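Here the structure comes first, spelled out in structure tokens, and everything after it is commentary.
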Amino acid sequence: MNTAVAAVARDGRLVSGDTHTTVDLGNGRYAVAVSDGMGNGERARQESKAAIDLLKKLMKAGFDEKLAIRTVNSTLLLRSRDEMFTTLDMALIDLFNAKAEFLKVGSAPSYVKRGDEVIEITGSNVPIGILQDIEVQAIEQQLYPGDILILVSDGLYDAPPHRYDGDSWLKQAIADLAVMEPQAIADELIEHAVRMNHGLVRDDMTVVVAVVERSQEEWAAIKLPNIPSLRKPHKNRRGA
């Protein structure tokens, strides 16, 4: 997984209420996550960072992903008597077969760009820290080399003026991308959202991009005299 992130805080502030992570969990699992805290500024940052930090610890300790998210939810409920909640959008990728499991709790849609196709992954439950019992939606999606995985916070999804539909503008912007590098993609989506608002940043915006790349061991490319190459040809598969 080749990853990059672009983020901007509301009105050019120094502190964003969004938190993100890209982490190798070991045992062939890789996680990409975005959390959007309630509101903006330091308080929102504390909410989203607390959720992401605890989730990473639990996942690295071997917790089942759904149990880990429910534990984070219970922890946020107990931390404060004041309202304290945050969204969570996580993609858990198996590095052996490129299968992805999307776990969404109150978050904006995620997207997979595969050539000219844009696949949308959505969820419909409430954010973490509101209800005692939450439903953790898990959506499975097979990924392939060259697929571009895009996770965004609500601020970017809802960035354009109200006359634009959040889903349609972002899906079209992703479909129209002419760049392939993760950092260039993240930067372009942020810039596009800001331009649609005539330079205004009305909310914290975060974009995390991960490109699936086929791994090739160094020994697979070794050529020895009179010995066939150890590297097997791969057929590129397309479609879900």
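As a basis for the values below, the full set of heavy atoms in this structure was taken, side chains included, without hydrogen atoms, waters or symmetry mates. Predicted, not measured: the structure shown is a model, and the values here were computed from it.
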What is the distance from atom CD1 of Ile52 to atom CG of Asp18, rounded to the nearest 0.5 Å? 10.0 Å
Measuring only between side-chain heavy atoms, which start at C-beta, is Asp203 closer than 4.5 Å to Asp158? no
Quick check against the 3.5 Å criterion: does Thr87 have a side-chain atom that pairs as donor or acceptor with the backbone of Ser35? no
Check: Asp36 main-chain N/O paired with Thr86 side-chain donor or acceptor under 3.5 Å: yes
Contact check, side chains of Thr21 and Lys56, non-hydrogen atoms, under 4.5 Å: yes
Closest heavy-atom pair and its distance - Leu92, Ala31: CD1-CB, 4.1 Å
Apply side chain to side chain contact (heavy atoms under 4.5 Å, CB included) to residues Met59 and Val23 and explain how you reach the verdict. CA-CA 10 Å; Met59 296 287 287; Val23 57; over 6 Å; no
Could you please spell out the steps behind the side chain to side chain contact (heavy atoms under 4.5 Å, CB included) verdict for Val207 and Ile150? CA-CA 7 Å; Val207 182; Ile150 299 172; 4.0 Å; yes
When rounded to the nearest 0.5 angstrom, what is the spacing between OG1 in Thr3 and CG in Leu151? 11.5 Å
Determine yes or no for a side-chain-to-main-chain donor-acceptor pair under 3.5 angstrom, with Lys66 supplying the side chain and Arg70 the backbone. no
Look at the side chain of Glu47 and the backbone N and O of Met38, then say whether any donor-acceptor pair between them is shorter than 3.5 Å. yes
Gly146 versus Met180, closest heavy-atom pair with distance: O-CE, 4.3 Å
Nearest non-hydrogen partners of Ala159 and Ala193, listed with the distance: CB-CB, 3.8 Å
Arg202 side chain to Asn197 side chain, donor-acceptor N/O pair below 3.5 angstrom: yes
Run the side chain to side chain contact (heavy atoms under 4.5 Å, CB included) check on Ile69 and Ile134 step by step: do they pass? CA-CA 9 Å; Ile69 292 173; Ile134 61 169; 4.1 Å; yes
N/O donor-acceptor pair under 3.5 Å between Asp187 side chain and Ala184 backbone: no
When you measure from the side chain of Asp204 to the backbone of Ser16, do you find a donor-acceptor pair of N or O atoms at a distance under 3.5 Å? no
How long is the span from the OG1 atom in Thr71 to the CG atom in Leu58, to the nearest 0.5 Å? 5.5 Å
Taking all heavy atoms of Glu188 and all of Val179, pick out the closest pair and write down the distance. OE1-CG2, 3.7 Å
Taking all non-hydrogen atoms of both residues, which atom of Leu156 and which atom of Met205 are closest, and how far apart? N-CG, 3.5 Å
Tell me, yes or no, whether the heavy-atom count around Glu181 atom CD, taken from other residues, nucleotides or ligands under 6.0 Å, exceeds 12. no
Side-chain (Trp169) to main-chain (Tyr157) donor-acceptor, under 3.5 angstrom: yes
Nearest 0.5 Å, please: how far is CG in Leu55 from CG in Leu88? 5.5 Å
Between Arg10 (side chain) and Val201 (backbone), is there a donor-acceptor pair under 3.5 Å? no
Does the side chain to side chain contact (heavy atoms under 4.5 Å, CB included) test come out yes or no for Ile148 and Ile185, once each step is laid out? CA-CA 9 Å; Ile148 301 169; Ile185 292 170; 3.7 Å; yes
Identify whether Leu67 and Leu76 are in the same connected component of the hydrophobic contact network (ILVMFWY, side-chain heavy atoms under 4.5 Å). yes
Value rounded to 0.5 Å, distance of CD1 in Ile119 from CD1 in Ile139: 13.0 Å
Calculate, to the nearest 0.5 Å, the distance between atoms CD and CG belonging to Gln172 and Leu177 respectively. 10.0 Å
Using modelled atom types and a 3.5 Å cut-off, is there a donor and acceptor pairing between side-chain atoms of Thr206 and backbone atoms of Ala7? no
Tightest non-hydrogen contact, residues Lys104 and Ser107, listed as NZ-OG, 3.4 Å
For Asn27, does the CG atom sit with more than 12 other heavy atoms under 6.0 Å from it, leaving out its own atoms? no
For Asn97, is there any backbone N or O sitting under 3.5 Å from a side-chain donor or acceptor partner on Gln142? yes
